[in-house]
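Structure record follows, encoded as structure tokens.
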2 protein chains.
Amino acid sequence: MDQGAVGGAQRGGSGIPGGRRKQRVSMADVAKLAGVSSQTVSRVSNGHASVIGSTREQVLAAMRELGYRPNSAARALRYGQFNTIGVILFSLASTGNSRTVEAIATHAAAEGYAITLIPVDIPTQDNVLGAFTRMGELAVDAVIVIIEIHLLDAGTVTLPPGVHVVVVDSDAGDRYSVVDTDQADGARRAVRHLLDLGHHTVWHVTGPQSSYAGQRRAQAWRAALEDAGRPVPAALHGDWSSESGHAAGLVLAGEPECTAVFAANDQMALGLLRAFHERGRAVPAEVSVVGFDDIPDAGFFIPPLTTVHQDFAEVGRRCVRRVLRQIREGQVAEPGTDLVPVRLVVRESTAPPPTR
Amino acid sequence: MDQGAVGGAQRGGSGIPGGRRKQRVSMADVAKLAGVSSQTVSRVSNGHASVIGSTREQVLAAMRELGYRPNSAARALRYGQFNTIGVILFSLASTGNSRTVEAIATHAAAEGYAITLIPVDIPTQDNVLGAFTRMGELAVDAVIVIIEIHLLDAGTVTLPPGVHVVVVDSDAGDRYSVVDTDQADGARRAVRHLLDLGHHTVWHVTGPQSSYAGQRRAQAWRAALEDAGRPVPAALHGDWSSESGHAAGLVLAGEPECTAVFAANDQMALGLLRAFHERGRAVPAEVSVVGFDDIPDAGFFIPPLTTVHQDFAEVGRRCVRRVLRQIREGQVAEPGTDLVPVRLVVRESTAPPPTR
DNA sequence: CTCTGTCATGTTAACGTAAACTTCTGTGCG
DNA sequence: CGCACAGAAGTTTACGTTAACATGACAGAG
């Protein structure tokens, strides 16, 4: 280094008081104030044992006085790790997503990892790809994808090398590490429950076609009916919203032989209940309704909703566990599907069909 | 573990093909392959103009071949910025929080910022303090706090110096930069609506005491009644959950003179509807109910809920705007409260009181 | 009294990137 | 023909931290 005369932008003059040029306090500053080397500050900062008590106290005092905070960028650079997991998702609006994300965040925090959210407004391929590109530039050790993975597959998306991935809500267990609720089992239980009550068959309001969860619930609904040798009515298509459930309910209310409906989520079930109420079709006396998710409100619908309980917290927990195992063992991929079990919660929206 | 035979973690030999020792590709690697200096790679990476076409192509080809991704830790270290905003929050479970967070994430992404979530399981002081400590160590340029700020004030918490803060749901506008829904106005509108319909007074089911939003809705409810010269019934205390609303509803169903209830959120209103239904009190013929939030499901309750619409997206947008202004202008604090307006959505759960 | 070992602390170097500066090449003009 | 100048690319250095090594002091053993 030549001369400092010019460099106002450089690091700022030394002793000029009040001239707060420097943004952040570094170890060097603490070290100077405490009269030790910056390495000693580092040792104190990281709780190494080999610092004598009096020195430690001095350093801590200096830290406090200057308001020292370690610079995580420098740390990350040094260690090659960020202690952060990225989460790519479409929307937090659905109960399932937000609860899963919350569980992921909680469990990750317990392991010393933070969560970085990358929302994708509209799940087109371009946007998802963009999210991954951004993710690649982001300070992230691994990624959890809560979005339809086929949007990635279809394109020429290559996941950033060296980034570990776990996927939620997907059938891509052959290529990725997938964690998911046991959608098929849930749908099966819902249908069985209704058949066991004596219903001849069960109608279905699906989720959006873009959702694997929705697709699988529909497949399992169909399969359960076929296995029981029952006729399979045409499915009505919803989009998870109570509004779409309501629309479907208005249609179903006009079908006299419809005595049992399985909605692919609780919100659509709410719409169904509303529609049946409007049309004077009593639930459960005339029509039974089963939902999926078991949102906290489901027990307070009119009538309280029989539904399939999903353990979102467990999904989040397993995502974190998988992703951390990948990070720690240094493996890039570890395909396979991890299914989280469900259970049916029977409330008051289901009953035997009306006798005639 | 002092011997290299084991340590694949080190840096790995140079030309050994296939032996992917090195975790990440650096500019130096790209530079070597492209036969240029790493500075040239940097220039290409950042789109500087002063690189001739052929060289640029070579570098890009090398980047592609090696799967180069810039190391954001090094970048952040260099620039002193992370392009990341931290969000401290209690829970994503409530509609309001998750939608606010989503809006924050979306708008931040549009500005090139990512969101890091720091969940606080139980909002004790210690935990919040811990979250802030963690945040201080985190790669974050600013923080948005969606949690009761008094949990911070009461303790000896000093916000990390140099970190910009915006707070949601708080009355701490004198000390912090606060963005919030106009809770008072919303509550006032709800009460006015019911009084205008002819109700003598309005009962209230509150949110949890720890919530400023809840407190302010309750205050404004009381004030609106007093301004109108009406008696103020004792408030019933809820905790945002439909279950607590249900419990309150069972109590209110037993009060014959109760003809109008304002619930501090929609979920508790759902519980109220359920309780009134159980007890055979017709809504709105005998009792009117107003909620707060206007969750998407509210229009499909039985009956569809009259409620105060909150613009969560706008709250998120303003948070991001404020926080970015702070970052860009380099100001640490900028106290003041920014209120987002609300509107009353009248549906079918309100009507004039029964004539007697 | 010297030698060895231990413990507290200091010094050096490296992580990957990019600003600032330096060097090199070729072009146009007097 | 030489010189100034512009443009392209290379070199140096610093960002803040910490592992690895170096230093120095002091204690106990021979």
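Screening B/Val179, B/Asp180, B/Val315, B/Val178 for a side chain to side chain contact (heavy atoms under 4.5 Å, CB included) with B/Asp338, the sole residue that qualifies is B/Val179.
Whole-Å rounding puts the B/Leu77 CG to C/dT17 P distance at 11 Å. If you measure from atom NE2 of B/His48 to atom P of D/dA9, you get 14 Å, rounded to the nearest angstrom. If you measure from atom CD of B/Glu57 to atom P of D/dA9, you get 12 Å, rounded to the nearest angstrom. Put simply, CG on B/Asp29 is 16 Å from P on C/dA14, counting in whole angstrom units. Residue A/Met63 contributes atom CE, which lies 12 Å from atom C1' of D/dT17 at whole-angstrom precision. Per the geometry, CG belonging to B/Asn71 stands 13 Å off C1' belonging to C/dA18, to the nearest Å. Summarising the geometry, the separation between CZ on A/Arg78 and C1' on C/dT12 is reported as 11 Å, rounded to the nearest angstrom. With rounding to whole Å, A/Met27 atom CE is found 13 Å from C/dG10 atom P.
In this model, the phosphate group of D/dT18 is approached by a side-chain N or O of A/Arg75 to a distance below 4.0 Å at OP1 or OP2. Put simply, B/Asn46 has a side-chain N or O that comes within less than 4.0 Å of OP1 or OP2 on C/dA18.
The side-chain hydrogen bond (donor to acceptor under 3.5 Å, both in side chains) test applied to A/Asn97 returns no partner, not counting sequence neighbours. Residues satisfying the side-chain hydrogen bond (donor to acceptor under 3.5 Å, both in side chains) test with A/Gln81, not counting sequence neighbours, are A/Tyr113. B/Ala61 pairs by the side-chain contact (heavy atoms from CB on, under 4.5 Å) definition with nothing, not counting sequence neighbours. Considering only residues two or more places apart in sequence or on other chains, B/Arg56 meets the salt bridge (charged side-chain N to carboxylate O under 4.0 Å, His left out) condition with none of them. Considering only residues two or more places apart in sequence or on other chains, B/Arg322 meets the side-chain hydrogen bond (donor to acceptor under 3.5 Å, both in side chains) condition with B/Ser177. For the side-chain hydrogen bond (donor to acceptor under 3.5 Å, both in side chains) test, residues two or more places apart in sequence or in another chain that qualify with B/Ser37 are B/Thr40. Every side-chain contact (heavy atoms from CB on, under 4.5 Å) that B/Arg321 has, sequence neighbours left out, goes to B/Glu314, B/Arg317, B/Arg318, B/Arg325. Taking the side-chain contact (heavy atoms from CB on, under 4.5 Å) definition, one finds that B/Ser42 meets it with B/Met27, B/Gln39, sequence neighbours left out.
In this structure, A/Cys319 and A/Val166 approach most closely via the heavy-atom pair SG-CG1, 4.1 Å.
With the nearest nucleotide of DNA chain C identified for both B/Ala28 and A/Gln39, A/Gln39 has the one nearer the 5' end. Both A/Ala74 and A/Tyr79 lie near DNA chain D, and the one whose nearest nucleotide falls closer to the 5' end is A/Ala74. When each of B/Gly35 and A/Ser42 is assigned the nucleotide of DNA chain D with its nearest heavy atom, B/Gly35 is the one assigned upstream, toward the 5' end.
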Could you run down the sub-3.5 Å N/O contacts of the protein with nucleotides 25-27 of chain D?
none

If you restrict it to nitrogen or oxygen atoms, what contacts under 3.5 Å exist between nucleotides 7-9 of chain C and the protein, and what is each distance?
{"from": "C/dT9", "atom 1": "OP1", "to": "A/Thr55", "atom 2": "OG1", "distance (Å)": "2.3"}
{"from": "C/dT9", "atom 1": "OP2", "to": "A/Ile52", "atom 2": "N", "distance (Å)": "2.9"}

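Taking the screw axis at each terminus of the helix from C/dC1-D/dG30 to C/dG30-D/dC1 from five consecutive base pairs, the angle between the two is 60° to within rounding of 10 degrees.
Looking at A/Val44 and A/Val36, their side chains never come closer than 4.5 Å, going by heavy atoms from C-beta outward.
Sorted by first and then second residue, the salt bridge (Lys or Arg N to Asp or Glu O under 4.0 Å) pairs involving residues 105-115 of chain B (not counting sequence neighbours) are B/Glu111-B/Arg328.
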